[in-house]
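Read the numbers this way: they start at 1 and go in the same order the structure lists the ligands and their atoms.
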Amino acid sequence: MKLPTNGLSKDEVVARMEAHRRTDADWRGGKTFSLIYNAGADVTEVLDEAARMFLHTNALSFSAFPSLRRFEAEILAISADLFGAPDAAGSLTSGGTESICMAVKTARDLARAERPSVTRPQMIVPATIHPAFHKAAHYFDVQAVVVPVGPDFRVPPEAVRAALTDDTVMIVGSAPCFPFGVIDPIPELAAIAAERGILMHVDACVGGYFLPFLERLGEAVPPWDFRVPGVTSISADVHKYGFASKGASVVLYRSRELRRKQFFAYVDWPGGLYASPAMAGSRGGAPIAGAWAVLNFLGERGFVELARRTMATTRRILDGVRAIPGLSVMGAPSMSIFAFTSQTLDIYGIGELLEGGGWRIDRQQLPPSLHLMVSPAHEAVAGKFLEDLAAAARSVEGRPPANEGMAAMYGMLATLPDRSAVSRVVLDFLDSFDRI
Ligand SMILES: Cc1ncc(COP(=O)(O)O)c(C=O)c1O
């Protein structure tokens with residue numbers, strides 16, 4: 001494909017974009033159960049306005065855009081306060097993956113500086129940890145030591161203790177994990193880390209801007225934040241339950257000294273002195289302004305109210321799922337994310353029928369399950385979702401597992417000899433995305 005010789009008119013460009021997005025997920029209608037965290041039209045309008053005002057700015061230079069410096073500093077200070085350590089120091093990043101990569105790099109660089117005997121640093125992660133930790137391990141040459149989770153889908157602290165070696169530099173837990181929405185036993189894990197003098201990272205990418213408000217509602221929230229002794233860093237995404245648009249996450253460290261290990265500077269470049277806190281160089285200002293705008297627009301009361309509505313909707317959906325013969329919820333979810341499975345029904349077949357009805361719902365594996373992440377906007381569609389789910393469950397009754405679509409793909413992958421063969425299929429799929 002070549003760049004068009006003559007540019008199109010603005011109307012034509014817009015018309016084509018409209019046409020291309022016609023088949024995109026209907027997130028405004030509450031049909032997506034992950035990817036977009038929809039807090040309603042008023043929040044969306046605030047985000048639109050922030051994007052309009054700050055789209056053409058660059059946070060690479062805070063001297064050129066002091067507004068962005070201010071927004072970033074305030075987002076970090078608010079987050080540090082919410083997570084129980086007002087003096088914590090952090091960075092704003094493009095998303096959970098970048099925050100996690102930075103926490104892993106920081107652990108590696110601290111070990112390089114203080115523990116020269118460690119040549120290949122290791123971090124201990126639960127099997128349910130987000131793959132961003134494996135990506136970070138791959139990028140930064142840290143070994144991820146995976147510990148299986150227990151029947152409650154939480155990592156057993158004693159298994160973590162047993163996995164410690166002289167090369168362990170960090171223990172990681174989730175608050176909560178993506179697949180099952182349960183919070184790992186953070187106080188026990190942090191105590192092990194403190195005892196060994198190593199770091200403890202809590203991945204609160206999904207829970208960071210939800211759990212504090214659940215706690216204010218008087219709900220029982222297991223301890224997970226900086227109030228737990230031994231927790232040294234936290235990742236939390238403003239672009240998830242902070243309801244900001246994509247491109248905003250924070251990584252926070254208990255001390256400024258620890259954060260210094262994250263930074264990068266190069267001072268011998270003819271182009272001038274260069275320093276940046278995290279992975280990116282140039283950074284668009286729109287997500288930063290959006291994150292600041294939504295925190296200030298909602299305020300504590302707004303977030304508490306959204307958490308209340310989201311939990312009420314979650315409980316309604318949980319009850320509805322449990323009432324459908326053959327379906328069961330996995331574990332005891334700590335907030336508004338959960339998975340459900342079936343011993344008797346073709347769960348992927350149910351997922352495909354739901355997708356046929358316009359719902360976007362994640363399939364999980366090991367074991368097969370469907371995954372829901374509830375947003376305030378699901379309040380209006382929970383009843384319809386449960387009706388469609390019950391109908392889908394009824395229509396797969398007595399049917400053998402589907403032999404087409406996702407079930408077939410997972411079935412085919414299960415027959416491959418090893419995980420690297422599965423990985424090749426997935427990478428080939430990724431390779432195909434640039435075909436027009
Ligand atoms: C628990 C957890 N950690 C990390 C991430 C990665 O976040 P991102 O997709 O913003 O990179 C996610 C994303 O869903 C998550 O649920």
If the plane angle is over 60° it's perpendicular, under 30° parallel, otherwise tilted; pick one for F340 and F338.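 Ring orientation of F340 relative to F338: tilted.
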
Do the two ring centres, one from [X] and one from [Y], sit under 6.0 Å apart?
X	Y	result
Y241	Y37	yes
F433	F429	yes
F33	F385	yes

Heavy atom of the protein closest to [atom] (residue, atom name, distance):
atom	result
atom 11 (O) of ligand 1	T97 OG1, 2.5 Å
atom 16 (O) of ligand 1	F178 CD1, 3.3 Å
atom 9 (O) of ligand 1	K240 NZ, 3.8 Å
atom 12 (C) of ligand 1	H130 CD2, 3.2 Å

Counting N and O atoms only, with roles assigned by atom type, does the side chain of T165 sit under 3.5 Å from a partner on the main chain of D167, one being a donor and the other an acceptor?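 Answer holds: yes.
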
Distance-only, no hydrogens or angles: does the Q364 side chain make a donor-acceptor pair with backbone N or O of P179 under 3.5 Å?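 Yes; at least one donor-acceptor contact below 3.5 Å.
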
Would you mind telling me if ligand 1 is within reach of the side chain of E98, the backbone, both or neither, using heavy atoms under 4.0 Å? neither

Could you see which bit of C205 sits under 4.0 Å from ligand 1, with heavy atoms only: side chain, backbone, both or neither? side chain

Quick one: which of I129, T93, D203 has a heavy atom closest to atom 2 (C) of ligand 1?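 The residue whose heavy atom sits nearest atom 2 (C) of ligand 1 is D203.
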
Under 3.5 Å, N or O to N or O, is C177 touching ligand 1 that way?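 In this structure, C177 places no N or O atom under 3.5 Å from an N or O of ligand 1.
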
Identify whether the distance between the nearest side-chain nitrogen and carboxylate oxygen of E355 and R363 falls below 4.0 Å.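 Between R363 and E355 there is a salt bridge, with a charged N closer than 4.0 Å to a carboxylate O.
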
Which of the atoms of ligand 1 are close to D237, meaning less than 4.0 Å from one of its heavy atoms? 7 (O), 10 (O)

